[in-house]
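The structure under discussion appears below in the form of structure tokens.
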Amino acid sequence: MVISFLFFKPLYLTGIIPDMDSKYNYQQFEQEIYKLWEDGKYFSPDTYDNKGKDTFCIMMPPPNANDPLHIGHAMFIALEDIMIRFNRMKGKDTLWLPGTDHAGIETQFVFEKKLKKKKQSRFDFDRETLFKMIWDYVQENSEVATRQMKKIGASADWDRFKFMLDPEIVKIVLDTFSKLHNEDLIYRSMRLVNYCTRCGTSYSELEVDHEDKNDPLYTFQYGPLQVSTVRPETIFGDVALAVHPDDKRYTKYVGTKIKASFPWGEVELPVVADDYVKMDFGTGVLKITPYHDPNDWEVWQRHIDEVPSPTQVVNTFGKLINVPEEFNNLGIVNARKEVVKQLNDSELMIEEKMNPHSVGTCYRCKRTIEPLPLPQFFIKVKPLVEPILKDLNDGNFTVHGAGHDKILKHWLENLKDWNISRQIVWGIRLPVWYNVDDNPDIQVLFVNKDKETVNGTIGKLLNTYSLEEIKQGLQSLNAPEKAEFRINESEPTNGNWIQESDTFDTWFSSAQWPFTTLQSSDHRDDFSRFYPTQVMETGYDILPFWVMRMLMIGKFATGKLPFTNIYLHGLVRDQKGQKMSKSKGNVINPLEIIEKYSADALRMALVIRSSAGLDKSVAEGDFKAMRNFTNKIWNAARYVHFSLEDDVKGDEKTNKEFIEKLSQVEKDVTKQLTDFKLGLAAETTYNEFWHWYCDICIENTKQGKLSSTLLKEGLTKFLLLLHPFVPYVTEAIWSEVNKESKPLIAQSWPL
RNA sequence: GAACUUGUAGCUCAGUUGGUUAGAGCGCAUCAUUGACAUUGAUGAGGUCAGAGGUUCGAAUCCUCUCAAGUUCACCA
């Protein structure tokens with residue numbers, strides 16, 4: 001037996017392998033290969049001779065310019081790169097356009113933390129200086145994200161790279177705002193906004209988190225009635241009491257005015273009847289504070305003729321204003337304590353018990369959101385939403401991802417008008433101008449030439465300061481609700497004007513990403529060539545923030561949907577299915593994985609068996625397994641190309657079956673990729689390569705059953721099929737065995 | 001209160017328009033292996049596909065209900 005084994009050995013072994021190590025040393029190849037691709041301009045659609053053919057374009061979701069990459073970024077890069085490489089090989093005119101976002105609030109928040117360490121705050125600087133400081137800070141870090149995306153193997157066209165605050169993009173964003181205004185879809189109005197007194201800005205509905213809290217509910221005597229509230233400190237802003245229309249206990253009060261006396265003074269308030277009031281909560285009597293509670297605002301709107309106009313009693317710093325002297329300028333917490341104390345002392349307090357309820361908090365800093373009346377710019381969403389709902393129902397675009405089409409529909413049907421004003425500096429300033437002579441009541445806050453902060457109405461301040469000095473040192477302004485404004489991209493020439501200090505919600509500019517990027521391209525026909533794009537690939541968590549708004553604004557601004565397919569990936573979780581977080585210590589750093597297991601292993605582990613719209617768990621072992629896979633590919637290629645006897649003929653049956661099966665694999669993988677079943681396609685290539693091609697076919701050839709020529713051809717096909725998933729190792733092999741041909745990235749897909 | 005998603009091997013998950021014996025990775029057991037690859041190969045254990053009912057020649061897959069888990073939205077004086 002030993003002898004016969006030795007005898008057969010030479011049949012399939014020719015000895016040493018000249019060019020390839022027995023291990024795939026990814027570290028030796030990855031950088032070099034990426035350079036080969038970049039230098040050959042293989043990421044650019046202009047390199048290929050297929051302009052005007054079917055296009056395939058993905059707009060990369062722009063990461064924050066100054067953020068290092070996390071595993072979620074690695075996920076989207078892997079998925080998008082697979083689609084891009086597949087379609088490029090299919091011969092489509094393919095563009096993957098990368099970029100970064102200024103990420104308004106996020107970035108300013110991080111920057112302010114840095115300032116705080118230096119014992120500074122944003123109130124030490126005028127807005128222009130602050131903007132420049134943040135700009136420089138972002139520039140310092142802006143290389144980080146792109147360098148890391150390249151390491152993962154992203155075959156994006158870096159020559160078309162865009163930054164959200166590039167002047168050409170900003171101009172288009174401003175144009176869109178003007179267009180919305182011209183079509184009467186913008187209004188400025190005093191509304192209750194979600195204001196964070198820590199971050200100093202308002203938020204849209206979507207950016208408010210709700211947290212369950214247990215706070216005391218106070219019940220106290222309010223004239224002849226008893227009222228329950230968790231916010232006694234807003235009592236100074238009350239304009240009415242409300243009861244349910246069917247509540248017989250209080251019928252006799254409805255339509256009358258009650259008098260109540262408190263230690264700080266007397267009030268006379270109307271009693272109104274409204275369905276909103278719940279009879280069985282507390283005493284069934286609700287105090288109405290329209291400027292500090294959204295529900296009270298609604299009640300007020302329904303009874304606007306019966307009740308007096310409200311007064312604002314909490315300001316943007318969370319301090320009481322327009323209140324009796326002893327409460328003036330108290331913070332909310334202290335004011336509440338003081339009111340409760342006085343109610344207790346005067347024996348008006350009846351009960352204090354704990355009440356579980358949910359409180360709006362700032363998604364950024366977790367502080368309780370203060371509902372405040374502020375004049376803000378809003379977009380009327382209904383006319384924008386309706387065409388999208390129709391497109392969704394008509395199937396003009398497809399959402400890939402576990403039921404998220406239904407979620408999108410729900411969002412579209414229930415969307416409220418969009419507050420796009422943000423009181424921060426890091427962003428695109430609204431192109432809104434107020435005439436200072438016509439609006440002397442505009443409140444301004446600015447730093448004068450002596451570095452002193454000055455606060456007041458512009459009419460008065462102009463007696464002391466020049467308009468130029470105010471504008472230069474401006475931190476913020478607050479124009480009255482009725483102030484007239486003009487929308488203009490540059491300062492109007494006739495008269496004295498001052499620009500609104502608010503900036504756009506970050507999502508207003510990112511909503512326009514699919515067309516601003518192309519319209520501002522150095523390549524003049526990019527927009528007509530690539531718009532609408534084919535795929536928007538992003539995380540399901542930003543479906544309402546971003547995807548929905550891209551659909552709305554994209555269709556409004558260009559008349560066309562910005563993309564036809566939406567692929568939503570899920571969260572990357574740890575092996576126990578938990579979210580990754582620094583505090584849990586279960587964060588996986590993609591760059592460490594690349595160091596340890598290769599970029600290919602990182603990509604494959606994230607993508608294989610992942611499913612659109614569902615979360616994906618990964619553990620260290622998964623990366624290791626995929627590293628082993630790359631090594632398997634390497635060694636199979638090494639064997640087939642350098643060790644195999646060339647003249648194995650094989651038998652007819654095995655040869656025929658091989659050809660049929662290979663063709664079936666090609667069909668399957670192609671269909672799966674076309675149908676956006678990326679995780680399944682990765683799994684198919686993995687299984688078929690390893691457990692069919694290697695375990696069965698190579699062994700068949702060793703035994704003389706399968707033709708060596710066919711086996712070699714099969715390897716070539718598999719390198720093509722595998723390339724989108726594991727681009728580095730396949731290219732490395734290609735460069736070893738096909739030295740004279742174009743790189744694998746530019747080869748044609750087998751089908 | 002509502003919507004959506006999920007429930008398949010010890011763990012993490014695939015499973016395409018319903019179609020032979022339900023798969024992979026990790027883990028486990030036994031064996032093999034100097035010669036493409038120990039980052040390997042072979043074999044095996046391990047599943048009443050959450051449960052019940054229905055449609056069908058045929059159901060992990062479609063329908064109804066129940067149970068369990070998760071996510072999101074809404075409300076909360």
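Order of the sequence lines sets the chain letters (A, B, ...), proteins ahead of strands, with each chain counted from 1.
- The shortest heavy-atom contact between A/Val359 and A/Thr368 is CG1-CG2, 3.4 Å.
- For a distance-only test at 3.5 Å, the side chain of A/Lys702 qualifies as a donor-acceptor partner of the base of B/A36.
- At the heavy-atom level, A/Lys278 lies under 4.0 Å from base atoms of the strands shown.
- Remark: the A/Lys632 side chain and the B/C37 base include a donor-acceptor N/O pair separated by less than 3.5 Å.
- Note: A/Tyr540 and A/His404 have parallel aromatic rings, judged against thresholds of 30 and 60 degrees for the angle between ring planes.
- Between A/Lys671 atom NZ and B/U17 atom P the separation is 7 Å, expressed in whole Å.
- Going from atom CG of A/Asn414 over to atom C1' of B/A3 covers 10 Å, rounded to whole Å.
- At whole-Å resolution of the value, CZ in A/Arg573 and C1' in B/U6 are 11 Å apart.
- In this entry the distance linking CG of A/Leu408 with P of B/C73 reads 15 Å, nearest Å.
- A/Tyr540 places its OH atom 11 Å from the C1' atom of B/U6, with the value rounded to the nearest Å.
- Ring geometry, A/Tyr203 versus A/Tyr363: the interplanar angle exceeds 60°, so the pair is classed perpendicular (tilted spans 30 to 60°).
- Both the sub-6.0 Å distance and the 45° axial angle are not jointly satisfied by A/Lys23 relative to the ring of A/Trp634.
- For A/Tyr693 and B/G41, the OH to C1' distance is 17 Å, given to the nearest whole Å.
- Rounded to a whole Å, the CG atom of A/Leu614 is 11 Å from the C1' atom of B/U71.
- As judged by a 4.0 angstrom heavy-atom cut-off over every strand, A/Ile407 is placed among residues touching the sugar-phosphate backbone only.
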